[in-house]
Number of protein chains: 2
Amino acid sequence: MFFNTITTMVHQLLRSYIQPGQIFVDATVGNGYDTLFLAQSVGENGRVIGFDIQEKALEEALKKIKKEGVEDRVSLIHDCHSKLDCYIKDPIDGAMFNLGYLPKGDSTIITTAETTLQALRKSISLLKPGGIITVISYYGHDGGEEEKKAVDQYLKNINEKEITVGCFSFINRHHYPPILYIIEKRKNRKK
Amino acid sequence: MFFNTITTMVHQLLRSYIQPGQIFVDATVGNGYDTLFLAQSVGENGRVIGFDIQEKALEEALKKIKKEGVEDRVSLIHDCHSKLDCYIKDPIDGAMFNLGYLPKGDSTIITTAETTLQALRKSISLLKPGGIITVISYYGHDGGEEEKKAVDQYLKNINEKEITVGCFSFINRHHYPPILYIIEKRKNRKK
């Protein structure tokens, strides 16, 4: 099978990209699957910094991470990803975003347009040349369409000389199929 | 670098998918790069059937293919891809389409909405369950927008229970960035 779940597809894409020793941000830890994936991908000399506003999510994520013995390379931060620049000062190799709400969690606690855009802007600003950010947008919930539009608008208008933005979607699916954005900071900035 | 030219990206995607011994169609041979790529990917027991309405294109493609010594597994057909069902009766594992005109060739000889849709429909009909079709759409030329709209409309309306259609585009690029469609026939048809 060529197509898979969007999460699996993102992991496949990133697996061929991430190098040992790199620094990645999981901007939306949620149940911790991406955090664990990143921790395993960056290896023992790498670093993963994860954010979530829900303590319960971080606790679950920590369990997963400890179970695989990779907790030494992970920092979990109980704060909004829009404040990531308060915690991260060094350039990062990449970041992952899952926009929406925590699966199986409280569906009223959602990422929102304003904080998502702040987090995206700050992540892009911290991104090394050649670094990439993946954003999966789920938008079938209340407030989801608004965030989707804001993110889409923002990404469409990023200067193409500095950043490449790719977008993948399932165009013949109904019921709000997730959208994947891939953001790459270009290595040779044209002036 | 994560992003590459769209052609390279398609080759990367297909490389991890194509198995030795498979049957692929190059619906738009053009300069033969995809034909050669497919011939090398399907191996000595595989088969590639290529179509082009321009004899010059087929001649150039044949040169490339012979140079690499893979001509035994390739059939080049000088006819419109909309007639592919006259030449192919067996199920196929996949197909590649490049919509637009032959690079460095006569830019008035273009693929058109009507024949492209026929070729796509027939390819999908011949596709094995699990098989995939890639379509790169170039539309910056006269008549290009019309074909793009027709293809987009057709693919958006394919029954999602039988076929998955993914679409990739560079959303912050100007000057008609190419669009990639990936079409997969589902293995387990839901009724």
Side-chain angles (χ1 to χ4, degrees), chain A residues 1-6 9-10 12-19 22 93-94 124 127-135 137 148 151-188 190, chain B residues 1-6 9-10 12-19 22 93-94 124 127-135 137 148 151-188 190:
Chain A
M1 200 171 75
F2 186 81
F3 287 123
N4 219 312
T5 67
I6 199 88
M9 286 170 64
V10 171
Q12 283 169 345
L13 285 172
L14 286 176
R15 200 168 280 128
S16 61
Y17 173 84
I18 301 177
Q19 301 294 320
Q22 287 190 328
D93 294 288
I124 290 173
L127 201 61
K128 291 181 192 172
I132 68 167
I133 297 172
T134 60
V135 180
S137 168
K148 171 177 170 277
V151 167
D152 204 70
Q153 197 61 21
Y154 166 62
L155 293 177
K156 273 181 180 156
N157 287 297
I158 291 186
N159 186 345
E160 66 176 313
K161 288 182 183 166
E162 295 170 20
I163 309 273
T164 304
V165 184
C167 176
F168 177 86
S169 58
F170 294 106
I171 60 168
N172 71 328
R173 282 197 188 159
H174 299 89
H175 308 300
Y176 308 101
I179 296 172
L180 166 64
Y181 299 96
I182 304 164
I183 301 160
E184 179 178 44
K185 191 173 270 188
R186 295 178 70 154
K187 276 189 176 163
N188 300 313
K190 288 180 193 169
Chain B
M1 199 171 74
F2 186 81
F3 288 123
N4 220 311
T5 66
I6 200 88
M9 286 171 64
V10 171
Q12 282 169 346
L13 285 172
L14 285 176
R15 201 169 277 128
S16 60
Y17 173 84
I18 302 178
Q19 302 293 320
Q22 288 189 328
D93 293 288
I124 290 173
L127 202 61
K128 291 182 192 171
I132 67 169
I133 296 171
T134 60
V135 180
S137 167
K148 172 177 170 277
V151 168
D152 204 70
Q153 196 61 22
Y154 166 62
L155 294 178
K156 274 182 179 155
N157 288 298
I158 290 187
N159 186 344
E160 66 175 313
K161 289 182 183 165
E162 295 171 21
I163 309 273
T164 304
V165 184
C167 176
F168 177 86
S169 57
F170 294 106
I171 59 169
N172 72 328
R173 284 198 187 157
H174 300 89
H175 309 299
Y176 309 99
I179 296 172
L180 167 63
Y181 299 96
I182 304 164
I183 300 160
E184 180 179 43
K185 190 173 270 189
R186 296 178 71 155
K187 277 191 176 163
N188 300 313
K190 288 179 191 166

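Lettering follows sequence order; numbering is per chain, from 1.
The distance from the CD1 atom of B:I171 to the CD1 atom of A:I183 is 8.0 Å, given to the nearest 0.5 Å. Going from atom CZ of B:R173 over to atom CD1 of A:I158 covers 13.0 Å, rounded to the nearest 0.5 Å.
Contacts of B:L155 with chain A are made by both backbone and side-chain atoms, with heavy-atom separations under 4.5 Å. Interface remark: B:L180 contributes no atoms to any contact with chain A (heavy atom separation under 4.5 Å).
Atom OH of B:Y176 sits in a sparse spot, with 12 or fewer heavy atoms from other residues, nucleotides or ligands closer than 6.0 Å.
Applying the side-chain contact (heavy atoms from CB on, under 4.5 Å) rule to A:S16 yields no partners; only residues at least two apart in sequence or on another chain are considered. With sequence neighbours excluded, the residues that form a ring-ring contact (aromatic ring centres under 6.0 Å, His included) with A:F170 are A:F3, A:F168.
With chain B as partner, the option from A:N157, A:I182, A:I132 having the largest number of non-hydrogen pairs under 4.5 angstrom is A:I182. The greatest number of non-hydrogen atom pairs below 4.5 Å with chain B, out of A:P177, A:G130, A:G166, A:G131, is found for A:G166.
Each of B:E162, B:E160, B:K161 was compared with A:N172 under the side-chain contact (heavy atoms from CB on, under 4.5 Å) criterion, and only B:E160 meets it.
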